[in-house]
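What follows is a short report on a single structure.
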Amino acid sequence: MAMAIAMSAEGASIDRLLAALRAVAEPSRLRLLAICAQGEWTVSELTQVMAQSQPRISRHLKLLAEAGLVERFREGSWVFYRRARVGEPARLARALLRMLPEQDAQLGLDRRRLAAVREARRRLAESYFDGHAGRWDSERDLGVDGARVEAELTRLFADLRPSSLLDVGTGTGRILQVLAPHVGRALGIDLSHDMLAVARANLDRRLARNCEVRHGDMYQLPIQDRSFAAVTLHQVLHFADDPFAVLSEARRVLQPGGRLVVVDLAAHQHEELRSEKRHRRLGFRDDEIEGWLTELGLQPAPPIRLDGPALSVVLWSASCAAAEPPLARDIERSAA
Ligand SMILES: C[S@@+](CC[C@H](N)C(=O)[O-])C[C@H]1O[C@@H](n2cnc3c(N)ncnc32)[C@H](O)[C@@H]1O
C-alpha cells in the first residue's frame, strides 16, 4: 500500500515535470519565463517587452501558469505575473534560467526593452516624488496613525541600538529623525533629489548630526556589502516592480547579526492608491513578505500589525544570522 502511494506520488511528480517541460519548450514562453524572473509584470508590460499581441501573451502566460512555472496573482484590477518560487516546476524554472546563454541576441533585446520599461517608470516615480517633496507625510497621506508606527519603531530600535542604520527610500528623512537617538550613524538613500533636499533641511533643523542622506537607487544601492547593522524600508516597497530585488539588495548590505525592518501596508483593496499615489502593489500579505525574507536567509520575527480605520500598517522584521551569511547574489534566485 505504502509502495503504491509512493509510486503514484512519484508518477504525479513526473507528470508535472513533463507538463512543465512541454510548457516551456517554445521560444516565446522561455523568453516570458526569463522576463518573469526579473520582477512582477502586468500583461500589458509583458506585451510591450515581447512585442507580441496581448491575446498571444495571455495564452503563453496561461500555459506557463498552469504548468506551475510562473505565478499569477490579482490585486484589485491588476493582475501580475512572476516566476514561481515553490514546487518542482519552480526548481525546473530556476535550473533552466541558469542555463540560458548570456549572449543570446533575443534575450538581450528583451533585457534592454525591460530596462526601458523600468527606466520610464523610474523617471515617473522621480518626478512624482520631486513634485510632492515639500508636503510629504507617508502615514498622514494614507490615513494611518504615524505616531503608533513611530512608537513601535522607536521601541524596536531602542532595544536593538544598532551601530549603523541605512534607511532605503528615505524621502524627507522622517525615519532618520525618529531613529537618530537610537543608532550610531545613519544614512538615508533616495532617488528623488527634491525629497533629499527636504530631508537635509529637516535633519539640519533637528540637529541630527549622526544622519546624512545620499542619492541612490534602491535596486542598486551605492553601498558596500555587509556594511550596515540595520536597514529600514518604510512605505517604500509598494512602489517597487520587483519587491524581492529590493529586499535582496537590502539584505546584501546587512551585516551578520543585522536586522532588516520593512514597514508597509497590509494587503488592501484601495485601488485608488494606484492612480492617486502611484502605488504599484496594494500592500503585502504576511506570508509573502516572510517567504521572501526566509528565501534571503533571514529569520523573520512575528509581524506587528497596526490597524487603522481604512488601512493597516505592518512592521515586518527579520534578523541575519550572526555567523557569516551567504550574500544575496550567492542565494539562488534566478538567472536574471
Ligand atoms: C512613500 S515615500 C516614503 C518616504 C519615507 N520612507 C517615509 O516613509 O517618509 C517613498 C520614497 O521612495 C523613494 N523611491 C521610490 N523609488 C525609489 C528607488 N528606485 N530608489 C530609491 N528611492 C526610491 C521615493 O523617492 C520616495 O521618497
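As the structure lists them, so they are numbered: ligands from 1, and atoms in each ligand from 1. Keep in mind the model is a prediction, meaning the values are calculated, not measured.
Below 3.5 Å of separation, one finds no N or O of T172 facing any N or O of ligand 1. Among the atoms of D217, some N or O lies under 3.5 angstrom from an N or O of ligand 1. Considering both main-chain and side-chain atoms, D167 never comes within under 3.5 Å of ligand 1 through any nitrogen or oxygen pair. Below 3.5 Å of separation, one finds an N or O of L191 facing an N or O of ligand 1. Between V168 and ligand 1, a contact under 3.5 Å exists for no N or O pair.
For I175, the closest heavy-atom approach to ligand 1 does not fall below 4.0 Å. Heavy-atom separations between G216 and ligand 1 include at least one value shorter than 4.0 Å.
Close contacts of ligand 1 with G171, meaning ligand atoms under 4.0 Å from a residue heavy atom, involve 4 (C), 27 (O). Ligand 1 places these atoms under 4.0 Å from at least one heavy atom of M195: 27 (O).
Geometrically, R118 engages Y219 in a cation-pi contact, judged by NZ or CZ lying under 6.0 Å from the ring centre and within 45° of the ring axis. By the 6.0 Å and 45° rule, R82 does not stack over the aromatic ring of F244.
Within the 4.0 Å heavy-atom criterion, both parts of H234, backbone and side chain, lie near ligand 1.
Between the CG atom of L260 and the CG atom of L296 there is a distance of 8.5 Å, given to the nearest 0.5 Å. Rounded to the nearest 0.5 angstrom, T170 OG1 and H234 NE2 are separated by 10.5 Å.
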For a side-chain contact (heavy atoms from CB on, under 4.5 Å) check, start with the C-alpha distance between L282 and R274, then their side-chain angles and the critical distance, and finish with the verdict. CA-CA 8 Å; L282 300 183; R274 286 204 169 115; 3.6 Å; yes

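Nearest-residue assignment for atom 20 (N) of ligand 1 (options M218, R121, H215, R118; heavy-atom criterion): M218. Of the listed options L124, D190, V178, D190 places a heavy atom closest to atom 14 (N) of ligand 1. Within the set A199, G173, G169, the minimum heavy-atom distance to atom 4 (C) of ligand 1 is found for G169.
Looking at heavy atoms from C-beta onward, R83 lies out of side-chain contact with E71 at the 4.5 angstrom threshold.
Aromatic pair F73/Y81: ring centres not closer than 6.0 Å.
By the 30° and 60° cut-offs, the orientation of the rings of F284 relative to W316 is perpendicular. Ring geometry, H279 versus H238: the interplanar angle falls under 30°, so the pair is classed parallel (tilted spans 30 to 60°).
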